[in-house]
Amino acid sequence: MFSSPFLLAFPFFLLLCFLLYWAGARHAYTRRPAVENGDPGAFDWHFFVPCRDEEAVVGTTVTRLRADHPGAHVWVIDDDSEDRTGAIVAALADEDRRVHLVSRRRPNARQGKGAALNAAYDELNQFLSKDTDRERVVVCVIDADGQLDPHALARVSGPQGFGDPETGGVQVSVRMRNTEDPRPLPDRGRAANAFARLLVRMQDMEFSVSNAGMQLLRGRTGSVGLGGNGQFTRLASLDRIAAAERRPWQRGALLEDYELGLHMILNGDRISHIADTWVSQEGLPHGRRFLTQRTRWAQGNLQCVRYAPRIVSSRHYGGKGVLETLYTFLQPVAHLVTLALCAVMFTLLGITAAEDGVGEAFGGMLALWPLVIALAVVSVTPFVLWGPVYRRDRADDRSLLTALLWGLALWVYAYHLFPASARGFVRMLRGRNGWAKTRRNAESTTSGPVAIEA
């Protein structure tokens with residue numbers, strides 16, 4: 001029945017790729033060198049905070065950035081908000097000359113995060129004097145609900161960051177700060193809140209150890225990716241991208257942050273990841289909002305496939321960097337192929353059951369149970385082993401058993417990638433490429449579109 005070599009070999013190939021990637025990421029994370037601090041006074045710092053209907057969080061974010069980093073400028077981009085975002089920031093700007101409001105209005109507004117960041121880049125260019133040393137100016141993108149480590153600027157100024165003149169960008173680790181919230185859904189029952197707490201915990205585990213390990217591995221392959229929160233870039237590097245692409249951030253991109261990193265490396269700049277400093281954000285306790293966010297990310301990865309020829313032919317990407325980058329943004333494609341193969345296998349099983357009887361069809365499958373169990377163990381173990389690492393670095397007050405159970409939950413959690421990839425692919429087929437922001441937990445509205453769909 002399952003005589004096709006591709007049908008049999010493809011799952012094993014994917015598992016092998018995953019195990020190699022996991023082993024490299026875990027080794028890179030657990031054996032990472034200590035980070036040396038640098039001198040933040042050697043650089044001029046400018047925070048970009050894109051906002052669309054962010055009155056619930058923007059005031060706290062701006063106030064904290066100014067308190068923790070008094071020498072920095074904060075540029076808040078109000079992307080034609082329909083709430084009090086602009087008024088809140090305008091009031092802060094009236095009292096503090098280092099707070100700047102960048103106001104955008106439709107029809108030019110609400111065209112995606114990349115377009116909003118480009119507007120702030122234009123405003124910053126007008127603000128800076130012509131004799132500014134743009135190699136010393138650093139732009140940092142912070143989400144509207146982001147809170148940056150007070151020591152972050154010292155970390156990214158060091159030799160692993162902008163202390164190296166060849167470094168054009170630095171990405172710091174991301175954490176979820178609401179992992180200890182006992183009732184993330186205050187209007188729901190115990191079961192819903194238990195699920196919400198676990199969902200937030202899984203996001204924190206994913207970002208703070210698993211993704212950090214992947215990024216540190218990319219540091220060894222020369223293919224570190226930039227994220228949308230805690231993204232530091234040298235202004236001169238943004239200038240080089242703008243000279244080649246007309247703007248630093250790609251308009252209409254669903255992963256404008258990751259694409260910025262691709263352009264930076266293609267231009268010859270180095271990107272590093274520093275896991276020992278962080279930016280925190282709200283983890284999503286709502287399943288629907290979470291799936292919407294991950295669908296956008298999956299669709300953004302599919303958009304990045306168009307960069308494959310440039311990456312393969314670039315002299316700035318080594319062989320390992322090419323393989324890692326293609327592996328990263330072809331993940332949704334692998335998920336789609338896996339789903340298609342599952343459908344084919346179940347169809348063939350149904351045909352066999354109809355022709356030879358149910359017993360014959362399932363008897364052949366039952367004979368493979370030792371192989372199935374072995375594959376299950378090999379697939380689950382890497383996720384479980386992240387549990388003790390996460391406990392050590394982020395939850396040392398919890399038991400080892402709890403950490404192992406979190407690792408098991410991380411394995412189940414990873415299956416969200418399959419529906420997210422399928423939904424992203426369907427959106428692409430339907431020509432739906434609009435950018436929709438993720439609602440904040442403090443927002444009272446729970447349905448309906450936030451952003452205009454193109």
Side-chain angles (χ1 to χ4, degrees), residues 46-59 61-62 74-94 99-127 139 141-145 228-229 231 233 238-239 241-260 263 289 292-293 295-297 299-300 302-304 306 423-424 426-440 443-454:
H46 295 265
F47 294 109
F48 285 3
V49 185
C51 292
R52 180 185 299 171
D53 303 322
E54 300 284 10
E55 67 175 10
V57 294
V58 66
T61 298
V62 174
V74 180
W75 299 78
V76 181
I77 309 103
D78 174 23
D79 204 20
D80 202 8
S81 298
E82 296 177 347
D83 61 3
R84 297 184 58 253
T85 296
I88 292 171
V89 178
L92 293 171
D94 286 342
V99 175
H100 311 268
L101 174 62
V102 180
S103 295
R104 290 170 55 75
R105 294 291 177 262
R106 280 172 277 199
N108 297 319
R110 293 184 173 247
Q111 296 176 349
K113 187 176 178 181
L117 293 171
N118 286 330
Y121 170 78
D122 292 339
E123 292 278 350
L124 178 58
N125 285 336
Q126 296 180 26
F127 174 80
V139 170
V141 177
I142 297 289
D143 278 356
D145 67 334
N229 198 12
Q231 166 199 127
T233 51
L238 297 179
D239 293 339
I241 297 173
E245 306 290 335
R246 296 187 299 171
R247 53 193 176 270
W249 287 274
Q250 295 302 295
R251 182 174 177 177
L254 297 178
L255 285 184
E256 83 297 324
D257 43 12
Y258 187 69
E259 290 195 25
L260 180 74
H263 284 290
R289 296 184 194 181
T292 297
Q293 178 195 68
T295 297
R296 171 162 56 87
W297 293 0
Q299 187 178 355
L302 291 169
Q303 288 181 340
C304 289
R306 69 183 187 275
R423 294 178 81 232
V426 170
R427 282 178 56 86
M428 286 192 67
L429 291 180
R430 298 177 62 185
R432 297 183 62 188
N433 298 310
W435 190 94
K437 89 172 184 79
T438 305
R439 293 188 185 278
R440 304 298 173 202
E443 292 184 55
S444 58
T445 305
T446 57
S447 64
V450 175
I452 290 179
E453 293 284 357

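In what follows, every heavy atom counts, from backbone to side chain, and hydrogens, waters and symmetry copies are set aside.
Side-chain contact between Arg110 and Glu82 is present, with at least one heavy-atom pair separated by less than 4.5 Å. His263 has its side chain within reach of Glu245: a pair of non-hydrogen atoms, C-beta onward, lies under 4.5 Å apart. Residues Leu124 and Val139 meet the side-chain proximity criterion, which asks for heavy atoms closer than 4.5 Å. The closest side-chain heavy-atom distance from Asp143 to Glu54 is not below 4.5 Å. A heavy-atom distance below 4.5 Å is found between the side chains of Leu117 and Val141.
Leu255 CG to Leu302 CG: the interatomic distance, rounded to the nearest 0.5 Å, is 9.5 Å. The distance from the OG atom of Ser81 to the CD atom of Glu55 is 9.0 Å, given to the nearest 0.5 Å. The structure places CG of Leu260 at 5.0 Å from CD of Gln231, a figure rounded to the nearest 0.5 Å. Atom CG in Asn118 sits 9.5 Å away from atom CD in Glu256 (nearest 0.5 Å). Atoms CD and CG, on Glu259 and Leu254 in that order, are 8.5 Å from each other to the nearest 0.5 Å. The CD1 atom of Ile77 lies 11.5 Å from the CZ atom of Arg52; values are rounded to the nearest 0.5 Å.
Each of Val57, Ile88, Val76, Val102 was checked for a side chain to side chain contact (heavy atoms under 4.5 Å, CB included) with Cys51, and the lone residue meeting it is Val76.
Within a 6.0 Å sphere centred on CZ of Arg247, heavy atoms belonging to other residues, nucleotides or ligands number more than 12. In the displayed structure, Arg246 atom CZ is contacted under 6.0 Å by at most 12 heavy atoms of other residues, nucleotides or ligands.
Between Lys113 and Pro50, the closest heavy-atom pair is CE-CG, 3.7 Å. Of all heavy-atom pairs spanning Gln111 and Asp79, the tightest one is N-OD2, 4.2 Å. When all heavy atoms of Arg104 and Ala116 are compared, the closest pair comes out as NE-CA, 3.9 Å.
Between Phe48 and Trp75, the ring-plane angle classifies as perpendicular under the 30° and 60° cut-offs.
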> Run the side-chain contact (heavy atoms from CB on, under 4.5 Å) check on Leu238 and Trp249 step by step: do they pass?
Replying inline: CA-CA 9 Å; Leu238 297 179; Trp249 287 274; 3.9 Å; yes
Could you walk me through whether Asp78 and Arg105 pass the salt bridge (charged side-chain N to carboxylate O under 4.0 Å, His left out) test, one step at a time?
CA-CA 9 Å; Asp78 174 23; Arg105 294 291 177 262; 3.8 Å; yes
